[in-house]
Amino acid sequence: MKLLNRTTQGVSLTKAGKFFYESASNYISKSESILKRTHDIDSQSQKIIRIGTSLLRSAQPLIKVWSGMENNDDFQVELVSFEDDPLSMQRMFMNIGTKIDFFVGPMNSEQIKYGPYQTYDLPETKFYWGVPINNHLANKKKLALTDLKNDKVIMVKRGLSPKLDALRDRLEKNEITVIDSEDFYDINTFNICSQNNYIMETLGIWKYVYAPIKSVEMDNDYRMPYGIVYSQQAHASVRQFIEMIGSEYRKQTNALTFG
């Protein structure tokens, strides 16, 4: 069968080729829908829970809780790794409800607030100052804003997180130099701070992710909302798992949130 017309002007479909292309496109679309529905039915019967995990949005605290629960045989957990850079994060958000069921991490962002997501609140995590180990402030037990006068502080851009905007307001009011990170933090942010001797705002859940940066307490008890982010169309088994593990996590929070 001749499906293509080839001329010096280019390539075009024959009448038969056009029919074949349109029919095949419809078939592929339908077959993908069938495969997805088959996978959904299979997942529902096995109660497979797919959790996204990265260095800064680690599923480890939840897995630690789940592994110690008596009824953990009711679910099969699969971890799906992703990176914390902006492009990978955007792809991860697009995959919530399809390739992953949820992830756990800081929740104070405009994208989560106004996106097609639901959240399950876990105990908040504390703010710390991340100080390079060779910085003159690294040996202090607690830092006030006046301690930062001669240093530069890196933070996410204004408008991405109301909590961080409030902290930025205090820094700028005290005439402390603030440098914008390109987006939300990834491992490169820690590298930049270490290499340039910048101070950074960090969280209790990140205390031990990067050895050259030491977490030092703030003089105020600032806390960041922390929890589970999942799809508004999440299946009942996913919601059941979140409620079950979230309730157990709250009982063990002191051992799991690192401050």
Side-chain angles (χ1 to χ4, degrees), residues 52-61 80-95 103-113 115 124-140 142-143 145 147-172 174 176-220 222-227 229 257-259:
T53 187
S54 69
L55 181 64
L56 301 184
R57 293 160 183 82
S58 174
Q60 186 269 340
V80 181
S81 178
F82 65 92
E83 301 297 326
D84 293 294
D85 64 274
L87 183 60
S88 298
M89 280 293 297
Q90 195 59 37
R91 189 179 300 117
M92 186 275 299
F93 270 106
M94 292 174 61
N95 287 331
F103 75 93
V104 60
M107 297 196 306
N108 189 245
S109 76
E110 298 297 306
Q111 182 172 13
I112 294 174
K113 181 178 179 180
E124 294 179 328
T125 182
K126 286 177 63 175
F127 278 103
Y128 288 83
W129 291 120
V131 183
I133 56 176
N134 295 322
N135 187 281
H136 65 109
L137 299 174
N139 292 324
K140 283 185 169 287
K142 186 175 290 189
L143 291 175
L145 293 186
D147 295 319
L148 307 178
K149 287 286 187 180
N150 298 318
D151 289 86
K152 296 178 180 179
V153 178
I154 194 167
M155 294 188 70
V156 301
K157 296 176 183 177
R158 184 178 291 278
L160 295 179
S161 167
K163 283 275 186 177
L164 295 180
D165 286 350
L167 179 58
R168 177 188 282 263
D169 289 340
R170 286 199 65 209
L171 292 171
E172 293 178 348
N174 284 270
I176 296 168
T177 303
V178 179
I179 299 173
D180 287 340
S181 66
E182 292 186 3
D183 209 289
F184 283 106
Y185 292 170
D186 59 13
I187 194 62
N188 190 48
T189 312
F190 288 79
N191 287 330
I192 291 171
C193 287
S194 179
Q195 293 163 8
N196 294 280
N197 204 27
Y198 294 155
I199 307 295
M200 66 185 291
E201 163 274 325
T202 187
L203 299 173
I205 54 172
W206 300 337
K207 260 189 177 182
Y208 308 109
V209 301
Y210 191 85
I213 298 290
K214 180 181 178 181
S215 294
V216 180
E217 287 200 29
M218 294 186 176
D219 60 339
N220 289 74
Y222 282 99
R223 291 182 177 268
M224 172 67 75
Y226 175 78
V229 182
T257 57
F258 309 115

Open item on the list: Any heavy-atom pair between the side chains of V209 and T202 that's under 4.5 Å?
Closed with: no
Task: Check against side-chain contact (heavy atoms from CB on, under 4.5 Å), L137 and L148 - done: CA-CA 9 Å; L137 299 174; L148 307 178; 3.9 Å; yes
Task: Flag side-chain contact, heavy atom, 4.5 Å: R170 against Y222 - done: yes
Task: Side-chain heavy-atom pair P132, Q195 within 4.5 angstrom cut-off - done: no
Open item on the list: Tell me whether K214 contacts the main-chain N or O of A138 through its side chain, where contact means a donor paired with an acceptor under 3.5 Å.
Closed with: yes
Open item on the list: Please evaluate residues Y198 and I213 with respect to the criterion side-chain contact (heavy atoms from CB on, under 4.5 Å), reporting the C-alpha separation (whole Å), side-chain torsions for both, the decisive distance (0.1 Å), and the verdict.
Closed with: CA-CA 10 Å; Y198 294 155; I213 298 290; over 6 Å; no
- [ ] Taking all non-hydrogen atoms of both residues into account, name the closest pair between E217 and W129 and its distance.
- [x] O-CD1, 4.3 Å
Task: Short side-chain to backbone donor-acceptor contact, K113 and S161, under 3.5 Å - done: no
- [ ] For residues P106 and L56, determine if any side-chain heavy atom of one lies less than 4.5 Å from a side-chain heavy atom of the other.
- [x] no
Open item on the list: Please report the interatomic distance CG(D84) to CD1(I187), rounded to the nearest 0.5 Å.
Closed with: 8.0 Å
- [ ] Kindly indicate whether the side chain of L171, heavy atoms from C-beta on, has any atom under 4.5 Å from the side chain of M155.
- [x] yes
Task: Gap separating the CD atom of E201 from the OG1 atom of T189, nearest 0.5 angstrom - done: 10.5 Å
- [ ] Could you point out which residue of D180, D165, D169 forms a side-chain hydrogen bond (donor to acceptor under 3.5 Å, both in side chains) with R158?
- [x] D169
Open item on the list: Using every non-hydrogen atom in the two residues, find where G52 and F103 come nearest and quote the distance to one decimal.
Closed with: O-CB, 3.7 Å
TODO: Using the six-membered ring wherever Trp is involved, compare the ring planes of F190 and Y210 and label them parallel, tilted or perpendicular (cut-offs 30° and 60°).
DONE: tilted
Open item on the list: Counting only heavy atoms from other residues, nucleotides and ligands, does the tally under 6.0 Å from CD of E83 exceed 12?
Closed with: no
- [ ] Flag the pair F82 / R91 as yes when at least one side-chain heavy-atom distance between them is below 4.5 Å, and no otherwise.
- [x] no
Task: Closest approach of S88 to D85 (non-hydrogen atoms, all atoms of both residues) - done: OG-OD1, 2.8 Å
Task: Q111 side chain reached by F93 side chain, heavy atoms, under 4.5 Å - done: yes
TODO: Would you sort out whether D147 and D219 count as a side-chain contact (heavy atoms from CB on, under 4.5 Å), showing the intermediate values?
DONE: CA-CA 10 Å; D147 295 319; D219 60 339; over 6 Å; no
Task: Gap between atom CD1 of I205 and atom CE of M224 - 0.5 Å precision - done: 9.0 Å
Task: Side chain to side chain, Y185 and V156, heavy atoms closer than 4.5 Å - done: yes
- [ ] Return yes if some donor-acceptor pair links the side-chain N/O of N108 with the main-chain N/O of K163 below 3.5 Å, else return no.
- [x] yes
TODO: Return yes if some donor-acceptor pair links the side-chain N/O of D151 with the main-chain N/O of I199 below 3.5 Å, else return no.
DONE: no
Task: Straight-line distance of M200 CE to I154 CD1, nearest 0.5 Å - done: 7.5 Å
- [ ] Drop me the distance from K157's NZ to S181's OG, to the nearest 0.5 angstrom.
- [x] 8.0 Å
- [ ] Would you please test V104 and Y226 for side-chain contact (heavy atoms from CB on, under 4.5 Å) and show each step?
- [x] CA-CA 7 Å; V104 60; Y226 175 78; 3.5 Å; yes
Open item on the list: Treating N174 as the side-chain partner and I176 as the backbone partner, does any N or O pair qualify as donor plus acceptor under 3.5 Å?
Closed with: no
Open item on the list: To the nearest 0.5 Å, what is the distance between CG on L55 and CD on Q60?
Closed with: 12.0 Å
